[in-house]
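Okay, so here's the structure we're looking at.
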Amino acid sequence: MADPRGFMRHPRREWPRRPVGERVEDWDEVYVPGGLLPLVEQQAERCMDCGVPFCHEACPLGNLVPEWNDLVSRADWHAAAERLHATNNFPEFTGRLCPAPCEAGCVLAVNQPAVTIKNIEAAIADRVWADGLAPPRPPGRLSGKSVGIVGSGPAGLAAAQQLTRAGHTVVVYERDDRPGGLLRYGIPAFKMEKAQLERRLAQLRAEGTGFRTSTAVGRDIGAAELRARHDAVVLAVGATAWRDLPVPGRALAGVVQAMEYLPPANRVCEGDLDVSPLSAAGKHVVIVGGGDTGADCLGTAVREGAASVTQVDIRARPPAERDEAVDPWPVYPTVHRVSPAHEEAGELRFAQEPDVDARLFAASALRFCGDGRGRVRAVLLAGVDARRRPVPGAERTLRADLVLLALGFEGPEVAAGGAVAELGVAVAPDGKVARDEEYATDVPGVYAAGDAGRGQSLVVWAIAEGRSVAAAVDRHLMGTTTLPSPVTASSRPLRA
């Protein structure tokens with residue numbers, strides 16, 4: 001430890017955000033560029049000599065948090081980058097997108113604000129690129145084995161990088177026109193600029209990973225051909241089968257899924273479109289769903305110039321602090337969090353009701369009301385009780401020209417003609433691809449990783465599964481492996 005009393009000397013200070021009025025005028029990341037560097041070495045000193053670092057257990061990657069915190073506090077960025085990359089292929093993704101279960105497990109968080117682990121991780125990742133500490137690492141020799149990976153989200157990319165570096169010839173198949181999966185077209189640029197993704201993709205290509213975009217299994221390449229080309233296949237197609245809301249008025253024009261709304265907005269940022277066909281500009285927007293995807297829609301609608309935006313959450317408003325009886329340390333607690341998007345909508349008064357946060361808690365959509373010509377014009381809401389049942393007399397109506405359904409995802413798409421159906425792998429009753437502890441499906445040589453097998457989860461779990469399935473595939477192909485396997489297919493987050 002650089003300073004054994006650092007957690008006593010220094011209060012928690014986070015990466016400062018740009019002023020709301022400034023950042024909603026562009027699509028750049030919400031944080032002050034370079035704003036971490038003046039803080040991060042001092043913040044790293046807050047990491048305790050706790051003896052048993054629960055942050056390791058809380059993170060599915062097993063990130064060596066105390067080690068790189070110590071190195072950052074000593075300004076040894078090169079060594080810190082090596083320790084971080086020892087467990088995490090893409091720390092710039094997790095440092096921006098992960099909700100940081102490691103911080104919930106920080107021993108300091110027992111009675112103080114946790115170490116800013118996520119911010120320190122992002123700072124290391126940014127320093128890695130600034131100082132040229134992430135050169136391509138092509139294999140010294142090839143194994144003669146070939147692996148096809150279907151899907152280029154974080155699980156697929158992590159598996160691809162691990163297997164390429166192990167000497168296998170890897171080809172990633174992506175049905176969209178650019179690789180990246182939800183990182184590309186689902187995550188708005190203000191949460192993670194696409195330059196973060198592009199430079200990792202350039203690194204993978206330089207190492208030897210091949211990419212075939214605009215290539216859907218079942219449409220552009222058959223399952224038989226895919227299996228004939230490769231000695232193993234990894235399904236990393238994500239959980240993209242969205243949940244719907246079958247209430248009266250669902251068929252009205254203007255009621256769309258969040259993942260129908262977010263990709264065109266991202267394509268505007270990519271330069272593919274001048275204006276999104278689903279732009280919220282000048283519209284009253286209601287978002288049904290209180291999770292991260294709903295917050296992404298919120299921030300996007302604000303930047304597009306919506307007349308108003310309201311996010312409806314069926315859950316009761318969470319407590320401000322951890323409830324030890326429900327979520328004891330070190331599990332990830334359910335608490336009231338204010339994302340940058342909520343901060344923006346609240347400060348700029350985007351909600352329809354004055355002096356109300358952009359979120360309406362304990363509310364449920366009962367009906368979408370039309371204008372008589374087939375377009376949505378309002379949403380009828382009901383207040384709900386603790387068991388999420390409508391409360392009589394607690395109805396209200398919100399004006400709505402655009403309704404975005406952000407209700408989460410059920411699992412991978414399993415319809416005929418898709419990758420799951422074409423490869424013929426078994427699907428569990430819960431809709432996820434069935435697999436054993438080694439990620440193997442019931443089809444020989446075909447493996448499943450990430451949200452396709454786990455269900456909707458976090459970016460850090462996707463990367464952990466990508467690394468783990470790579471170890472399983474390497475063992476299958478070579479009889480043994482030296483690749484790390486941080487989680488099994490049945491591993492679960494810390495729970496009370």
Side-chain angles (χ1 to χ4, degrees), residues 1-7 9-10 12-15 33-96 98 100-103 105-108 114-140 158 161-162 164-166 196 199-200 202-204 206-207 459-460 463-464 466-467 470-471 482-486:
M1 293 181 66
D3 185 353
R5 294 182 176 84
F7 67 96
R9 301 182 193 276
H10 309 302
R12 177 181 170 109
R13 295 178 63 194
E14 298 186 34
W15 193 353
L36 265 179
L37 293 181
L39 305 174
V40 71
E41 291 176 15
Q42 189 180 80
Q43 289 300 298
E45 290 183 353
R46 297 185 70 240
C47 187
M48 305 169 65
D49 186 11
C50 58
V52 181
F54 277 80
C55 54
H56 285 195
E57 184 66 23
C59 175
L61 285 168
N63 280 333
L64 305 171
V65 176
E67 294 185 33
W68 40 260
N69 275 339
D70 178 55
L71 292 165
V72 168
S73 73
R74 301 173 190 274
D76 190 346
W77 293 94
H78 188 278
E82 289 184 340
R83 298 313 291 150
L84 180 53
H85 277 107
T87 57
N88 188 351
N89 297 71
F90 313 123
E92 62 271 35
F93 301 170
T94 51
R96 286 167 168 80
C98 182
C102 53
E103 293 187 16
C106 174
V107 172
L108 185 58
V115 175
T116 56
I117 299 171
K118 177 178 172 178
N119 280 184
I120 297 166
E121 181 179 38
I124 297 171
D126 288 351
R127 193 65 181 261
V128 161
W129 294 107
D131 293 354
L133 302 179
R137 290 171 45 197
Q161 185 162 69
Q162 293 294 95
T164 296
R165 290 176 173 179
Q196 305 286 347
R199 56 191 181 189
R200 277 298 175 188
Q203 182 194 51
L204 265 72
E207 292 171 348
V459 62
V460 68
I463 296 172
R467 290 171 66 87
T482 58
L483 295 178
S485 183

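Note that the coordinates shown come from a computational prediction; the quantities given were computed from them, not determined experimentally. Hydrogens, waters and symmetry mates play no part in the numbers below; they use all other heavy atoms, side chains included.
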Minimum heavy-atom separation for [X] to [Y], with atom names?
X      : Y      : value
Cys47  : Pro66  : SG-CA, 3.8 Å
Ala206 : Pro138 : O-CB, 4.5 Å
Leu483 : Ala470 : CD1-O, 3.7 Å
Ala122 : Leu36  : CB-CD1, 4.2 Å
Ala158 : Ile463 : CB-O, 3.8 Å
His56  : Leu64  : NE2-CA, 3.6 Å

Problem set entry | Electrostatic pair Glu103-Lys118, nearest N-O below 4.0 angstrom | no
For this session: Go through Asp49 and Phe7 one step at a time and tell me if the side chain to side chain contact (heavy atoms under 4.5 Å, CB included) criterion holds.
Result: CA-CA 10 Å; Asp49 186 11; Phe7 67 96; over 6 Å; no
Do the side chain of [X] and the main chain of [Y] share a donor and acceptor less than 3.5 angstrom apart?
X      : Y      : value
Gln43  : Arg13  : yes
Asn119 : Glu14  : no
Arg46  : His10  : yes
Gln203 : Ala134 : yes

Can you confirm whether [X] sits close enough to [Y] that some side-chain heavy atom of one is under 4.5 Å from a side-chain heavy atom of the other?
X      : Y      : result
Cys59  : Val65  : no
Thr164 : Leu204 : no
Asn88  : Glu121 : yes
Cys106 : Met48  : no
His85  : Trp68  : no
His78  : Asp131 : no

Measure the spacing between [atom1] of [X] and [atom2] of [Y] and express it to the nearest 0.5 Å.
X      : Y      : atom1 : atom2 : answer
Arg467 : Asn89  : CZ    : CG    : 5.0 Å
Asn63  : Ile117 : CG    : CD1   : 9.0 Å
Arg5   : Glu45  : CZ    : CD    : 13.0 Å
Phe90  : Gln161 : CZ    : CD    : 5.0 Å
Cys55  : Asn69  : SG    : CG    : 7.5 Å

For this session: Look at atom CD of Glu67 and say whether more than 12 heavy atoms of other residues, nucleotides or ligands are closer to it than 6.0 Å.
Result: yes
Exercise. For Gln196, what residues pass the side-chain contact (heavy atoms from CB on, under 4.5 Å) criterion, not counting sequence neighbours?
Worked result: Glu29, Glu92, Arg96, Asp126, Met192, Arg199
